Every structure is written in C-alpha cells, then in structure tokens.
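Worksheet for the structure shown next.
Owing to the predicted nature of the structure, the values given are computational and were not obtained by experimental measurement. The analysis underlying the following values was restricted to heavy atoms, covering all of them including side chains, and did not include hydrogens, waters or symmetry mates. One-based numbering along the sequence shown.
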Amino acid sequence: MKTSRELWNALEKKYKTEDAGLKNFGAAKFLDFKMVDGKSVITQVQELQVIVHDLLAEVMVINEAFQVAAFIEKLPLLWKDSKNYLKNKRKEMTLEDLIVRLRIEEDNKAAEKKSRGNSTIMGANIVEEASTSKKRKRPSGPKNYPSKKRFKGNCHNCGKVGHKATECRAPK
C-alpha cells in the first residue's frame, strides 16, 4: 500500500469480512444443531448454550424468549410430550427455568427407566371370572341417543303393524 489510508481500508475490509464470516458460521452452527436421543439432554443444552454465548460475544443479539423457543423446538423425539407441554405453556419462562425443568424431567425419565429395569413384574394381566348367569344382556346403544321409536302404521308390503315397507323382510 502506498498510503496509510489504503492500508487502513485494506485491513478494515479483511477483518470485517472475517468477522461477518464468523457471525454467519456461528448462526449456521446454532440453526443446524440437532439434539439426539442417545445423549443427555442437559449436556446438549449446555452445548447449545456455548454456541449462543459465542453468538452473543460476536455482538449478535438473541432475545431470551427466542432462545427458549429454539431450545424447546430442538428437543429430541423421545421428548415429544414434554416438548408439546412446554410449547403450549401460557406463562413465559426464562432460559434458566427451562433448563431446571429439563433437568428435572431428565432425572424423572432416568428414574423411571431404572425402576422399569429393576422391576421383576413387567406387567400384570387382570382376569375376570365369567358370569354364571344364563341371562342374556340386551345390547345397549349409546346413552346419548334415544331408542328408535316403532312405526305405528301398517306396512304397505305385508300389511303388518310395526314397520314400514322399506324395512319389510317379506318378499315384495
């Protein structure tokens, strides 16, 4: 460079593009991050927090409510019920609240899995004794619908009372 101004512009251009590239890399890393079922959720949340911290260090502003929503959305498949519950929760929660809730949920899942493994009885079959009465029970229809009322006129096909010609069993 011939002048100090040219040198300054060249240096500024070089380091600003590196800085922008670093921001883009961090954002891509955050967006591509996927949680898996095989690893601890808390460990994965901590990895995601490191990525967010790097983005914040690069002066990229990320709203805490957005972070919470993104963390919930990135939960693995086995956490589907918890994910749906957290998504539909009306009260807004902080990132710290979310991490505490996830830690508790993970501990509960681990305890449940451990108790299932230690249990000698995997399931119980309930057997009811057959009824000894010879009476047949009338099949009862749905309780919401009234029973079908019988037709009071005569059938035009067979002439009997109690049904219409469209319901008649006799040959036409």
Quick check: do [X] and [Y] have side-chain heavy atoms less than 4.5 Å from each other?
X	Y	result
Val36	Leu77	no
Val52	Phe71	yes
Met35	Leu48	yes
Glu96	Arg101	no
Leu75	Gln44	no
Val61	Leu56	no

Tell me the closest heavy-atom pair linking [X] and [Y], and the distance in Å.
X	Y	result
Leu55	Ala27	CD2-N, 3.4 Å
Trp79	Glu105	CZ3-CG, 3.4 Å
Pro76	Val41	CG-CG2, 4.1 Å
Cys158	Cys168	SG-SG, 3.8 Å

(Q) With side chain to side chain contact (heavy atoms under 4.5 Å, CB included) as the criterion, how do Leu86 and Leu102 come out once you've worked through the C-alpha distance, each side chain's angles and the decisive distance to 0.1 Å? (A) CA-CA 10 Å; Leu86 291 169; Leu102 291 176; 4.2 Å; yes
Q: Using side-chain hydrogen bond (donor to acceptor under 3.5 Å, both in side chains) as the criterion, list what pairs up with Gln49, not counting sequence neighbours.
A: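 Gln49 satisfies side-chain hydrogen bond (donor to acceptor under 3.5 Å, both in side chains) with no residue once adjacent residues are dropped.
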Q: Sequence neighbours left out, what passes side-chain hydrogen bond (donor to acceptor under 3.5 Å, both in side chains) with Glu6? Give chain and number order.
A: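 Here no residue qualifies.
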**Q.** Sidechain-backbone polar pair: Asn88 side chain, Asn84 backbone, donor-acceptor under 3.5 Å
**A.**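 Between the backbone of Asn84 and the side chain of Asn88 there is a qualifying donor-acceptor contact (under 3.5 Å).
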Q: Provide the full list of salt bridge (Lys or Arg N to Asp or Glu O under 4.0 Å) pairs with a residue in residues 36-45, sequence neighbours left out, each pair given once.
A: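 Counting only pairs at least two positions apart or across chains, the salt bridge (Lys or Arg N to Asp or Glu O under 4.0 Å) contacts touching residues 36-45 are Lys39-Glu47.
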Q.
Suppose the criterion is salt bridge (Lys or Arg N to Asp or Glu O under 4.0 Å): which pairs have a residue in residues 66-87, not counting sequence neighbours?
A.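 Every pair satisfying salt bridge (Lys or Arg N to Asp or Glu O under 4.0 Å) with a residue in residues 66-87: Glu73-Lys83, Glu73-Lys87.
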Q: Mind checking salt bridge (charged side-chain N to carboxylate O under 4.0 Å, His left out) for Glu92 and listing every partner two or more places apart, or none if nothing turns up?
A: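 Checked Glu92 against salt bridge (charged side-chain N to carboxylate O under 4.0 Å, His left out); zero matches.
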**Q.** Transitive ILVMFWY side-chain link Val100 to Ile72, under 4.5 Å
**A.**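 Shared cluster, no.
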Donor-acceptor pairs are to be reported for all side-chain atoms of residues 63-70 against protein atoms at under 3.5 Å, with residues two or more places apart or in another chain.
residue : atom : partner : partner atom : Å
Asn63   : OD1  : Ala65   : N            : 3.0
Glu64   : OE2  : Leu95   : N            : 2.9
Gln67   : NE2  : Ile62   : O            : 3.2

Q: Evaluate whether atom NZ of Lys109 has more than 12 neighbouring non-hydrogen atoms of other residues, nucleotides or ligands under 6.0 angstrom away.
A: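 Atom NZ in Lys109 is crowded, with more than 12 foreign heavy atoms closer than 6.0 Å.
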Q. Just wondering, are more than 12 heavy atoms of other shown residues or ligands nearer than 6.0 Å to NZ in Lys29?
A.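 Not buried by this count: 12 neighbours or fewer within 6.0 Å.
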Q: Hey, could you give me the CZ/CG distance between Arg103 and Asn108, rounded to the nearest 0.5 Å?
A: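 Between Arg103 CZ and Asn108 CG, I get 13.0 Å after rounding to 0.5 Å.
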(Q) Measuring from atom NE2 of His163 to atom CG of Asn154, what distance do you get when rounded to the nearest 0.5 angstrom? (A)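 Reported value, rounded in 0.5 Å steps: 9.5 Å.
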Q: Apply the test side chain to side chain contact (heavy atoms under 4.5 Å, CB included) to residues Ser40 and Glu106: give CA-CA distance (whole Å), side-chain angles for both, the deciding distance (0.1 Å), then the verdict.
A: CA-CA 8 Å; Ser40 163; Glu106 188 170 51; 3.1 Å; yes
